[in-house]
2 protein chains.
Amino acid sequence: MSEKPPDFTKPYSTVDLVIFTVRDDALSVLLVQRANAPDEPYPLRWALPGGYIDVDRDFDLLDCAKRKLKEKTSLVSPYLEQLGSFGDRERDPRGWSITQVYFALVPSSEIRLQAGANAIDARWFEIGSGETKVRERLAFDHERILTAAIERLRSKVEYTSLPAYLLPEEFTLSELQHIFEIVLARRLDKSGFRTRVLDAGLITKVPRVRRATNRPAQLYRLKDRSAPLVFPRTLGAKN
Amino acid sequence: MSEKPPDFTKPYSTVDLVIFTVRDDALSVLLVQRANAPDEPYPLRWALPGGYIDVDRDFDLLDCAKRKLKEKTSLVSPYLEQLGSFGDRERDPRGWSITQVYFALVPSSEIRLQAGANAIDARWFEIGSGETKVRERLAFDHERILTAAIERLRSKVEYTSLPAYLLPEEFTLSELQHIFEIVLARRLDKSGFRTRVLDAGLITKVPRVRRATNRPAQLYRLKDRSAPLVFPRTLGAKN
DNA sequence: CTCAATAGTTGTAGTGTGCAACTAAGTAAG
DNA sequence: CTTACTTAGTTGCACACTACAACTATTGAG
């Protein structure tokens with residue numbers, strides 16, 4: 001590991017979050033507006049929520065990410081996974097810095113936004129169905145990070161049941177399929193979707209139905225809300 | 001991003017490498033033995049090669065990883081991808097530290113090992129076909145990191161042509177299949193493997209054959225030695 | 001009672017895979 | 001020169017899975 005003494009110049013380390021949800025049938029990401037302080041870089045620009053690691057409070061990186069997620073959304077245990085780290089000399093004008101990026105999936109129904117310490121506002125931004133396309137110019141290298149996160153989300157959705165975390169705990173198969181279609185930005189075949197999802201054994205029936213002005217729909221929930229949720233093969237094509 | 005001033009206590013940041021190769025039909029990983037210095041943690045223990053980020057020399061994380069790879073193996077451009085970061089309060093006795101881990105695939109034929117600054121020896125260790133099973137107790141949390149790297153490698157091999165990077169630039173389909181079988185620790189079907197690999201269009205013929213004491217074999221090479229190399233679906237089962 | 005709407009199932013053609021046998025092309029030995 | 005051996009590469013078939021489309025089921029509204 002070491003080849004220089006530990007008192008060698010250290011880069012700054014932050015943890016940032018890409019928090020996804022689906023609102024009004026659109027995949028959206030949470031951004032915060034940076035403060036207008038004189039010594040803060042990128043004042044008033046929109047950025048991914050995040051901040052410095054608190055070596056006293058945070059035991060590890062995931063801890064730190066959880067803390068920041070809770071600060072922003074008051075949510076405790078949705079899906080949270082490491083996306084990767086981005087570090088170079090220029091991304092922060094204050095010097096060599098590294099950000100550890102985590103990405104989270106939250107159900108839109110259960111969140112109340114809170115702006116953080118250095119942020120003056122927090123808002124959901126829709127992601128253009130085709131590409132990245134948050135219309136704002138983001139602070140730091142967050143544009144690039146967001147693009148990577150979207151790419152990762154889309155590719156994982158092909159072979160996992162991740163989008164279930166974007167729904168409340170109980171959901172119908174139609175709702176699940178709808179969320180998949182939103183994230184993937186393409187239609188899926190109904191019968192294929194159902195057999196695939198059910199055969200994978202990731203969800204189970206709950207003894208309840210969702211009633212509307214038509215045939216009631218069976219409700220399901222994730223079997224294990226903390227498992228990786230991989231199913232074999234990929235998803236099918238358009239309907 | 002920020003919520004504490006930039007002069008807030010920073011964690012140590014290092015970059016470590018998991019360098020894989022295949023030697024004598026066994027997947028192997030490069031480890032270095034730590035120096036026996038009084039102020040160095042884990043003296044004489046085996047560890048993943050790596051070290052501190054040099055904020056003056058390294059422009060970004062990948063740069064830093066490339067530099068360290070070159071120092072250890074004198075190789076310049078094989079496969080190098082980010083595995084993830086591991087950071088907590090206890091992994092290094094000197095304090096809160098984060099390591100950015102990259103993993104590399106190199107052809108065993110083209111390497112000459114070099115021990116680094118803080119290492120007194122560098123050696124290849126075979127990975128037990130089933131599990132992790134490098135018999136040594138590794139320094140820091142490197143055991144855990146290595147396990148994660150092996151898992152990532154195996155899972156990516158199911159749907160990418162990554163193992164091609166473990167071979168020299170030109171190879172036969174039989175050699176490629178053999179390398180796949182070593183990494184996956186299971187047999188593959190010949191005809192299925194061939195159609196899959198060729199249909200994916202990731203490799204092209206070179207107008208040469210490999211001659212031995214039997215039927216000569218067509219040589220191939222990767223079409224784009226820097227591309228991600230994903231092919232659809234997963235690999236088949238045993239032969 | 002009928003209609004509209006969504007839930008959920010069934011049927012079929014085509015494609016991909018697993019498995020195994022087969023052919024091809026060279027070397028080496030007698 | 002011929003035969004045997006070895007590895008390269010192909011072919012064929014049964015089976016499973018998928019895409020696509022049509023069908024049935026169950027409710028509320030009017």
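Order of the sequence lines sets the chain letters (A, B, ...), proteins ahead of strands, with each chain counted from 1. Keep in mind that what you see is a predicted model, and the values were worked out from it rather than measured.
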Student: Are A/Arg67 and A/Glu71 ion-paired here, with the side-chain N under 4.0 Å from a carboxylate O?
Tutor: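 A/Glu71 and A/Arg67: salt-bridged.
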
Student: Output yes when a side-chain donor or acceptor of A/Thr160 lies under 3.5 Å from a complementary backbone atom of A/Lys156, and no otherwise.
Tutor: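 Here the side-chain-to-backbone pair exists.
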
Student: Side chain of B/Asp189 only, heavy atoms from C-beta on: which candidate in C/dC19, D/dA8, C/dT9 is closest?
Tutor: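 For B/Asp189, the side-chain atoms sit closest to C/dC19.
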
Student: If the condition is side chain to side chain donor-acceptor pair (under 3.5 Å), which residues does B/Arg221 pass it with, not counting sequence neighbours?
Tutor: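 So B/Arg221 forms no side chain to side chain donor-acceptor pair (under 3.5 Å) with any residue.
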
Student: Let me know the distance between CZ of B/Phe193 and P of C/dC19, rounded to the nearest Å.
Tutor: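 In whole Å, C/dC19 P and B/Phe193 CZ are 16 Å from each other.
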
Student: In this structure, how many angstroms lie between the P atom of C/dT6 and the CD atom of A/Glu181, rounded?
Tutor: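 Answer to the nearest Å: 13 Å.
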
Student: Using the side chain to side chain donor-acceptor pair (under 3.5 Å) criterion, which residues pair with B/Arg144? Sequence neighbours excluded.
Tutor: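 For B/Arg144 there are no side chain to side chain donor-acceptor pair (under 3.5 Å) partners, ignoring immediate neighbours.
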
Student: What pairs of nitrogen or oxygen atoms, one from the protein and one from nucleotides 24-27 of chain D, lie under 3.5 Å apart?
Tutor:
{"from": "D/dA25", "atom 1": "O4'", "to": "A/Arg215", "atom 2": "NH1", "distance (Å)": "3.4"}
{"from": "D/dA25", "atom 1": "N3", "to": "A/Arg215", "atom 2": "NH1", "distance (Å)": "3.0"}
{"from": "D/dT26", "atom 1": "O2", "to": "A/Arg215", "atom 2": "N", "distance (Å)": "3.3"}

Student: For A/Lys190 and D/dA19, what is the distance between atoms NZ and P respectively, to the nearest whole Å?
Tutor: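 Atom NZ in A/Lys190 sits about 16 Å away from atom P in D/dA19.
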
Student: Whole angstroms only, please: what is the CD-P distance between B/Gln177 and C/dG18?
Tutor: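 It is 12 Å, rounded to the nearest whole Å.
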
Student: Salt bridge check: are B/Arg208 and B/Glu170 linked by an N-O gap of less than 4.0 Å?
Tutor: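 Yes, this pair counts.
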
Student: To the side chain of A/Ser191, which of C/dC19, C/dT9, D/dA8 is closest?
Tutor: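 Of C/dC19, C/dT9, D/dA8, C/dT9 is nearest to the side chain of A/Ser191.
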
Student: Can you tell me how far P of C/dT6 sits from CG of A/Leu176, to the nearest Å?
Tutor: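 Those two atoms, CG and P, are 18 Å apart.
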
Student: List for me each residue that meets side chain to side chain donor-acceptor pair (under 3.5 Å) alongside B/Gln218, sequence neighbours excluded, and say none if there are none.
Tutor: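 With sequence neighbours excluded, B/Gln218 shows a side chain to side chain donor-acceptor pair (under 3.5 Å) to no residue whatsoever.
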
Student: Residues from residues 167-175 of chain A sitting under 4.0 Å of DNA chain D, heavy atoms only?
Tutor: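 Output list: empty, so none.
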
Student: I'd like to check the salt bridge (Lys or Arg N to Asp or Glu O under 4.0 Å) partners of A/Arg211; sequence neighbours left out, ordered by chain and number.
Tutor: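 Listed in chain order: nothing, the list is empty.
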
Student: So, B/Gln177 side chain and B/Ser174 main chain: donor-acceptor pair closer than 3.5 Å or not?
Tutor: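 The answer is no, because no donor-acceptor pair under 3.5 Å joins these two groups.
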
Student: Rounding to an integer number of Å, can you tell me how far A/Leu198 CG sits from D/dC17 P?
Tutor: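 Distance check: A/Leu198 CG to D/dC17 P gives 15 Å.
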
Student: Roughly, in whole Å, what's the span from CG in B/Leu188 to P in C/dA20?
Tutor: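 From B/Leu188 CG to C/dA20 P: 15 Å.
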
Student: Report the distance from atom CZ of B/Arg194 to atom P of C/dT17, rounded to the nearest whole Å.
Tutor: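 To the nearest whole Å, that distance equals 16 Å.
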
Student: Looking at A/Lys70, is its backbone amide N or carbonyl O close enough to the side chain of A/Thr73 to form a donor-acceptor pair, meaning the two atoms are under 3.5 Å apart?
Tutor: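 Pair absent, no side-chain N/O of A/Thr73 close to backbone of A/Lys70.
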
